[in-house]
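These notes concern the structure reproduced below.
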Amino acid sequence: MLAGMAKSRIEHVCTDCGATHTKWAGQCSGCGQWNTLVEEVAVAAVPTVPRASTAAPIGEIDPQVCAPRATTIGELDRVLGGGFVPGAVTLLGGEPGIGKSTLLLQLLAAVSGTALYVTAEESAQQVRLRAERLDAMRPDLLLLAETALPHVLAAIDETRPDLVVVDSIQTVHDPALGSPPGSVVQVRGCAQQLVNAAKQRGVPIVLVGHVTKEGSLAGPRVLEHIVDTVLAFEGERHHALRLLRATKHRFGPTNELGLFEMAGHGLVGVPDPSELFLGDRRTGVPGSCVAPTIDGQRPLVVEVQALTMPAPPNVPARRTTQGIDHNRLALLLAVLQQRARVPTSQHDVYASTVGGVRLAEPGLDLAACLAIVSAITDRPLPPDLVAFGEIGLGGEIRQVAHTPRRLAEAARLGFRRVVGPASAPEPTDDRIRLVRAATLPEALAAAGLA
Ligand code: TYD
Ligand code: MG
């Protein structure tokens, strides 16, 4: 329902944060980014919604309306806090080829009731072939190959589905909006109309949004405040592991992590990720340390590996990372050199986490340091030892959150000793012994590297 069409006018929209400006400027005043403003034809078509309710005492509101309905895909339900809420709009963002369409087709096959898949990128035939491969064929799964938003809305009215997927929001367009498909005005205008449709009909809608590394496409960033939930689907393209997180969620927590593996017949949930990460570990090899980390609420026991080589003279030493933040590694190497007298500046350092998992968790610091020193000294760490803790610039080892959960997971996987911060609470699991270290030199000694 449109409130009449006002005159078109030119405006400048930031492709990063979506702020609109009447004049062009080099820097966006909304987010401070440079060269992100693009010219758009804005059609002032403000959707109006009929008055939905009157003010009522909060105790009289029926909470059941917002009860999530399970999707039966365990890892997805974990991230969503139970499932999709009727009328909620979810944006699933991720790089092209990461597996968004695959996940959603599996979702539509798993839910009960009528499901509508709007494919605006691939042909209906392509989707059918994929559905056959994924074993997702069922009579209540309706397929609509359509890019024009008015037809999509009409199909939702006609078929009255229990769940709708629009793949992708960047390829649907509303001719009434004037600007080209994929532009900020189109993406935002179409998403807003789909949000209104979801609320009016009480049907959950999932929108797919591509993000590119350069952020050149108008996508998830401009939609974040319009939708109820933003899910990010991530992973290294050459690894099978895929991570799903909620970065915004109006109906539940945002710190749950869902894990999938891309297999030949689609995505498979990974209920025991630590086992997967440690599957190929070789013990007794220098340059390896296992860390009990936490991602959201989920303990992940991962191996950190380091390889070092004496750097050629008069050339800056190389630092290469995978799965670990490059700047964090530089900081740890500097602290090792200055506070623990480890000659890191004379070595090329290659550091990575195993299994394609990207970790930006301070608890990983100590394990990374021990792996590096183990590599430089060519001495392996004991096979049953793990280490965790954040390293401060003074070389002190600081406490991190969720120590009991980290240690319980390490104990479950067979580790018996842990080097951790001096202030860490005693482990609740008596199979594992905590060796406390206040500083890096103390930790190196505790791990047998000093
Ligand atoms: P896709 O869902 O098309 O990605 P997106 O929608 O995010 O662009 O997934 C594409 C990749 O997934 C493709 O490179 C092939 C791989 N894949 C599998 O490995 N197994 C499968 O069963 C399917 C359907 C896809
Ligand atoms: Mg796709």
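Residues: numbered from 1 along the sequence shown. Both counts, for ligands and for their atoms, begin at 1 and track the order of listing.
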Worksheet item: Regarding Thr119 and Asp167, is there a side-chain donor-to-acceptor distance under 3.5 Å anywhere?
Response: no
Discussion item. Would you say Ser274 and Glu409 are linked by a side-chain donor-acceptor pair, where the criterion is simply a distance under 3.5 Å?
Written reply: yes
Item to complete: Taking all non-hydrogen atoms of both residues into account, name the closest pair between Pro180 and Gln186 and its distance.
Response: O-CG, 3.2 Å
Discussion item. Would you say the Mg ion (ligand 2) has Ser168 as a near neighbour, meaning an N/O/S atom of that residue under 2.8 Å away?
Written reply: no
Report all N/O contacts between ligand 1 and the protein shorter than 3.5 Å as a table of atom names and distances to 0.1 Å; if there are none, say 'none'.
from, atom 1, to, atom 2, distance (Å)
ligand 1, 2 (O), Ser101, N, 3.3
ligand 1, 2 (O), Thr102, N, 2.8
ligand 1, 2 (O), Thr102, OG1, 2.6
ligand 1, 2 (O), Arg130, NH1, 3.2
ligand 1, 3 (O), Arg130, NH1, 3.2
ligand 1, 3 (O), Arg130, NH2, 3.1
ligand 1, 4 (O), Gly99, N, 3.1
ligand 1, 6 (O), Ser101, N, 2.9
ligand 1, 6 (O), Ser101, OG, 2.7
ligand 1, 7 (O), Ile98, N, 3.3
ligand 1, 7 (O), Gly99, N, 3.0
ligand 1, 7 (O), Lys100, N, 2.8
ligand 1, 7 (O), Lys100, NZ, 2.9
ligand 1, 8 (O), Gly97, N, 2.7
ligand 1, 20 (N), Ala263, O, 2.8
ligand 1, 22 (O), Gly264, O, 3.0
ligand 1, 22 (O), Gly266, N, 2.8

Discussion item. If we count only N and O atoms by modelled type, under 3.5 Å, do the side chains of Ser168 and Glu121 hold a donor and an acceptor together?
Written reply: yes
Item to complete: Going by the side chain to side chain contact (heavy atoms under 4.5 Å, CB included) test, name the single residue among Arg405, Arg412, Arg406 that passes it with Pro299.
Response: Arg405
Discussion item. Could you tell me if His249 and Thr229 have a donor-acceptor pair between their side chains, going purely by distance under 3.5 Å?
Written reply: yes
